[in-house]
Amino acid sequence: RRFLGAGYRIVGRHSAVEVCHWTRESLRRGRTCYKERWYGIESHRCMEMTPALTWCTHTCLFCWRPLEYTVCGEPEADDPGEIIDGCIEARRRLLTGFKGNAEVDEGKWKEAVEPTNAAISLAGEPTLYPRISELLGEFRRRGVTTFLVTNGTRPDRLQALETEPASLYISLCAPDRETYMQVHRPLIGYGWERLNESLGLMRSFSCRTVIRLTLVKGLNMGDSDGYAELILKAEPDFVEPKGFIHVGEARERLPGSAMPTHQEIREFAQRLSELTNYRFKDQSPQSRVALLSRK
């Protein structure tokens with residue numbers, strides 16, 4: 001019920017979808033997510049979903065979902081095609097109300113209900129879904145690109161992918177093991193070691209690779225040198241230092257003062273740029289995020 005109240009729609013036994021803020025903004029006001037400018041992903045046609053809603057190896061302080069439902073394990077796998085069909089249909093129903101809205105262009109709405117990208121990032125850890133490679137392959141077969149966002153605790157699943165996503169994101173939210181334990185509160189042993197193994201695999205991918213840093217003021221912004229060392233180990237195409245946003249269930253765990261200003265994010269990104277020789281390429285103040293590029 002709490003997930004439904006937050007705008008999620010449950011699909012099958014373990015998947016979920018929602019209409020994200022920037023899809024709504026794109027339809028109503030023509031404002032788009034930074035991923036549209038940076039990576040060419042149309043905000044109104046991007047479907048945010050997960051094949052592992054409550055399954056995760058972390059209980060992160062900054063997570064927006066209710067953590068008491070977290071399951072550390074793997075779901076009994078639904079069919080990838082059924083997951084995709086269910087998510088598209090549930091998202092279409094969520095978007096129905098936009099069709100008659102005077103602010104929304106009907107042609108754009110018709111495009112929106114046929115997603116061209118799936119952001120596999122809504123909640124949980126998607127690599128815990130045992131058929132994640134098949135899910136990526138089925139999306140590709142349908143002409144839908146994918147962003148796979150992982151916390152890096154299943155390097156074995158990343159190594160076994162037969163189909164790569166269009167973009168592989170690894171979340172890196174700690175420069176050292178002590179901070180990792182404090183921020184992520186892992187439910188597994190050797191999480192830090194597994195994350196480092198995943199970072200080491202990043203160079204072997206031919207798709208776009210991105211490291212996302214979710215930065216919490218007073219918690220994990222103190223050691224830019226440590227982050228730089230890990231970034232250079234992974235050699236991603238891009239790095240996205242992004243500020244923690246004080247929303248959802250995270251408001252019960254962290255104070256509003258833990259949310260960095262965009263200026264603080266920009267300064268942190270500039271320090272990383274100097275330490276790694278990654279180029280400061282762009283920024284999005286409304287999302288409190290910066291973009292560093294290896295080339």
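Note that the coordinates shown come from a computational prediction; the quantities given were computed from them, not determined experimentally.
Heavy atoms only, all atoms of each residue included: P115 and V113 are closest at CD-O, 3.4 Å. Across all their heavy atoms, L148 and P126 have their closest contact at CD1-CG, 3.8 Å. The heavy-atom pair separating P186 from M181 by the smallest distance is CG-SD, 3.6 Å. Scanning both residues, S121 and V149, for their nearest heavy atoms gives CB-CG2, 3.5 Å. Across I265 and A290, no two heavy atoms sit closer than the pair CG2-N, 4.3 Å. Contact detail for R131 and A77: the closest heavy-atom pair is CD-CB, 3.7 Å.
To the nearest 0.5 angstrom, E25 atom CD is 10.0 Å from Q286 atom CD. We find the CD-CG distance between E138 and D79 to be 7.5 Å, quoted to the nearest 0.5 Å. Taken from CD in Q270 to CZ in F280, the straight-line distance is 5.5 Å, to the nearest 0.5 Å. Put simply, CH2 on W64 and NE2 on H246 are 15.0 Å apart, with the number rounded to the nearest 0.5 Å. Distance check: D85 CG to I83 CD1 gives 10.5 Å after rounding to the nearest 0.5 Å. The distance from the OG atom of S167 to the CZ atom of R208 is 3.5 Å, given to the nearest 0.5 Å.
E18 has its side chain out of reach of R9: every pair of non-hydrogen atoms, C-beta onward, lies at least 4.5 Å apart. Taking 4.5 Å as the limit, some side-chain heavy atom of T70 sits within range of a side-chain heavy atom of R65. No side-chain heavy atom of I170 sits under 4.5 Å from any side-chain heavy atom of R212. In this structure, L187 and C56 have side chains that are not in contact, with every pair of non-hydrogen atoms separated by 4.5 Å or more. The side-chain heavy atoms of K281 and L292, taken from C-beta on, include no pair separated by under 4.5 Å. For the pair H184/F62, a side-chain contact is recorded, criterion being any heavy-atom separation below 4.5 Å from C-beta on. Inter-residue side-chain proximity for V210 and D237 is flagged as unmet; no heavy-atom pair is nearer than 4.5 Å. Taking the side chain as every heavy atom from C-beta outward, E42 and E36 approach each other to under 4.5 Å.
Under the rule for a side chain to side chain contact (heavy atoms under 4.5 Å, CB included), the partners of R24 that lie at least two apart in sequence or sit in another chain are V19, R28, F98. By the side chain to side chain contact (heavy atoms under 4.5 Å, CB included) test, K233 pairs with N196, sequence neighbours left out. With sequence neighbours excluded, the residues that form a side chain to side chain contact (heavy atoms under 4.5 Å, CB included) with E74 are P130, R154, R157. Residues satisfying the side chain to side chain contact (heavy atoms under 4.5 Å, CB included) criterion with C33, sequence neighbours excluded, are W22, K35, S43.
One hydrophobic cluster, built from ILVMFWY side chains closer than 4.5 Å, cannot hold both Y129 and L53; they sit in different ones. Note: the hydrophobic cluster containing L232 does not contain L275 (ILVMFWY, side chain heavy atoms under 4.5 Å, direct or indirect links). No continuous path of ILVMFWY side-chain contacts below 4.5 Å connects L136 to I41, so the two sit in separate hydrophobic clusters. The cluster map of Ile, Leu, Val, Met, Phe, Trp and Tyr, joined by side-chain heavy atoms under 4.5 Å apart, puts V216 and V247 in the same cluster. Put simply, M49 and V144 are part of the same group of oily side chains (I, L, V, M, F, W, Y) that touch within less than 4.5 Å, one to the next.
Although no hydrogens or angles enter the test, the distance criterion places a donor-acceptor pair under 3.5 Å between the side chain of T145 and the main chain of T116. R142 contributes no side-chain N or O that, together with a main-chain N or O of F139, makes up a donor-acceptor pair within less than 3.5 Å. Put simply, the side chain of R253 gets close to the backbone of L61: a donor and an acceptor are under 3.5 Å apart. Under a 3.5 Å cut-off, the side chain of T209 and the backbone N or O of F205 do not form any donor-acceptor pair. A donor-acceptor pair is defined here as one N or O able to donate and one able to accept, closer than 3.5 Å; such a pair exists between the side chain of T276 and the backbone of L272. Panel note: side chain S287, backbone S284; no donor-acceptor pair is recorded below 3.5 Å. One N or O on the side chain of S293 and one on the backbone of K295 form a donor-acceptor pair closer than 3.5 Å. Although no hydrogens or angles enter the test, the distance criterion places a donor-acceptor pair under 3.5 Å between the side chain of E164 and the main chain of C207. No donor-acceptor pair under 3.5 Å is formed between the side chain of R45 and the backbone N or O of T23. Looking at T50, its side chain does come within 3.5 Å of a backbone N or O of A123 through a donor-acceptor pair.
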Show the numbers, then the answer: is there a side-chain contact (heavy atoms from CB on, under 4.5 Å) between C87 and M47? CA-CA 8 Å; C87 285; M47 177 173 73; 3.9 Å; yes

Take T146 and R140, measure what side-chain contact (heavy atoms from CB on, under 4.5 Å) needs, and give me the verdict at the end. CA-CA 8 Å; T146 49; R140 177 178 289 184; over 6 Å; no

Please lay out, stage by stage, how I245 and M259 fare under the test side-chain contact (heavy atoms from CB on, under 4.5 Å). CA-CA 6 Å; I245 304 297; M259 191 165 63; 4.2 Å; yes

Checking side-chain contact (heavy atoms from CB on, under 4.5 Å) for the pair V17/Y8: CA distance, chi angles, key distance, verdict? CA-CA 6 Å; V17 66; Y8 294 26; over 6 Å; no

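A donor atom on one side chain and an acceptor atom on the other are found under 3.5 Å apart for E125 and T150. The closest side-chain donor-acceptor pair between T179 and N220, if any, does not fall under 3.5 angstrom. No side-chain donor from either of Q263 and T261 sits under 3.5 Å from a side-chain acceptor of the other. A side-chain donor-acceptor contact under 3.5 Å links Y169 and E240. Counted by atom type alone, N151 and S171 present zero donor-acceptor pairs between their side chains at under 3.5 Å. Under the 3.5 Å distance criterion, with hydrogens and angles disregarded, a donor-acceptor pair is assigned to the side chains of E111 and H44.
Applying the salt bridge (Lys or Arg N to Asp or Glu O under 4.0 Å) test to residues at least two apart or on different chains, the pairs with a partner in residues 167-193 are R177-E193.
Remark: R92 engages E114 in a salt bridge, criterion side-chain N to carboxylate O under 4.0 Å. The existence of a salt bridge linking R37 and D282 is confirmed by a sub-4.0 Å separation between a basic side-chain nitrogen and an acidic carboxylate oxygen. Salt-bridge annotation for R13 and E76: present, with a side-chain N of the basic residue lying under 4.0 Å from a carboxylate O of the acidic one. Using a 4.0 Å cut-off between a side-chain N of Lys or Arg and a carboxylate O of Asp or Glu, E264 and K217 qualify as a salt bridge.
Residues W55, V71 make up the rest of the hydrophobic cluster containing L128, defined by ILVMFWY side-chain heavy atoms closer than 4.5 Å, directly or through other members.
Each of Y180, Y278, F268 was evaluated against Y227; a single residue qualifies, F268, per the ring-ring contact (aromatic ring centres under 6.0 Å, His included) test.
Counting heavy-atom neighbours within 6.0 Å of E162 CD, excluding the residue itself, gives a total of 12 or less.
Between Y39 and F238, the distance from one ring center to the other falls under 6.0 angstrom.
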